[in-house]
J.: 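Could you have a look at this structure, given as structure tokens, before my questions?
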Amino acid sequence: MANVSISIDVPDLDAAQDFYCGALPCTFIEDDEHGIRILDAGNVRIYLLKKPEGSLPFKASNTRRDYGRHWCPIHLDFGTSNIEEAVAAVEAHGGTVEGSDSGAWGSIAYCADPFGNGFCLINE
């Protein structure tokens, strides 16, 4: 079985930890020897990587890091038993809620962290 972790580029590790541990169900584990902040999200580890805005994501890149709101086809989904409380926590910690939907399958809120990274809250 593959071991999956998630890396999130952020310009400020303290602000990112405050958001992910305050608004979402993550807990701080440690800072590793490379300055990477490691969080536990229950069944996956999240690695917060401090990367300055405008830096290259890789040496041959034609684009630079931009922390404005951006769309990515791969995103995180966080399960919650109370979507209203989870939405309030996201907003209280500087995230944005960009819409929602619901049906017989449950509810979803489309969100972004303070660094432009999109994610969803899923009512379980």
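Nothing fancy with the numbering, it's 1 onward along the sequence. The analysis underlying the following values was restricted to heavy atoms, covering all of them including side chains, and did not include hydrogens, waters or symmetry mates.
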J.: Which value, rounded to the nearest 0.5 Å, describes the distance between Leu48 atom CG and Ile38 atom CD1?
T.: 9.5 Å
J.: Suppose the criterion is side-chain hydrogen bond (donor to acceptor under 3.5 Å, both in side chains): which pairs have a residue in residues 92-103, not counting sequence neighbours?
T.: Arg69-Glu98
J.: Can you get from Phe19 to Ile29 by hopping between Ile, Leu, Val, Met, Phe, Trp and Tyr side chains that sit under 4.5 Å apart?
T.: no
J.: Side-chain heavy atoms nearer than 4.5 Å, only ILVMFWY residues, links allowed to pass through others: does that put Ile8 and Val44 together?
T.: yes
J.: Going only through I, L, V, M, F, W and Y residues with side-chain contacts under 4.5 Å, is there a path from Leu24 to Tyr110?
T.: no
J.: Under 3.5 Å, which donor-acceptor pairs link side chains of residues 113-124 to any protein atom two or more places apart or in another chain?
T.:
from: Asp113; atom 1: OD1; to: Phe115; atom 2: N; distance (Å): 2.8
from: Asp113; atom 1: OD1; to: Gly116; atom 2: N; distance (Å): 3.1
from: Asp113; atom 1: OD1; to: Asn117; atom 2: N; distance (Å): 2.9
from: Asp113; atom 1: OD2; to: Tyr20; atom 2: OH; distance (Å): 2.5
from: Asp113; atom 1: OD2; to: Asn117; atom 2: ND2; distance (Å): 3.0
from: Asn117; atom 1: OD1; to: His70; atom 2: NE2; distance (Å): 3.0
from: Asn123; atom 1: OD1; to: Ile83; atom 2: N; distance (Å): 3.3

J.: Would you check if Asp14 and Arg37 make a side-chain contact, meaning some heavy-atom pair closer than 4.5 Å?
T.: yes
J.: Looking only at non-hydrogen atoms, find the nearest pair between Thr63 and Ser61 and report the distance.
T.: O-OG, 2.7 Å
J.: For residues Ser55 and Pro52, report the shortest heavy-atom separation together with the two atoms involved.
T.: OG-O, 2.6 Å
J.: Are Ile108 and Val87 connected, step by step, through hydrophobic side chains (Ile, Leu, Val, Met, Phe, Trp, Tyr) whose heavy atoms are closer than 4.5 Å?
T.: no
J.: What's the spacing between Leu13 CG and Asp31 CG if we round to 0.5 Å?
T.: 7.0 Å
J.: Is there a side-chain contact between Ile6 and Tyr47 (heavy atoms, below 4.5 Å)?
T.: no
J.: Working to the nearest 0.5 Å, report the span between SG of Cys111 and CD of Glu91.
T.: 8.0 Å
J.: Hey, what do you get for CD (Glu33) to CD (Glu30), rounding to the nearest 0.5 Å?
T.: 8.0 Å
J.: What pairs with Arg45 under side-chain hydrogen bond (donor to acceptor under 3.5 Å, both in side chains), at least two apart in sequence or on another chain?
T.: none
J.: Check whether any side-chain heavy atom of Arg64 lies under 4.5 Å from a side-chain heavy atom of Leu56, and answer yes or no.
T.: yes
J.: So which atom in Glu53 and which in Tyr67 form the shortest heavy-atom distance, rounded to 0.1 Å?
T.: OE2-N, 3.5 Å
J.: Could you tell me the separation between the CZ atom of Arg65 and the CG atom of Leu49, rounded to the nearest 0.5 Å?
T.: 8.0 Å
J.: Nearest 0.5 Å, what's the OG-CD1 distance between Ser5 and Ile46?
T.: 10.0 Å
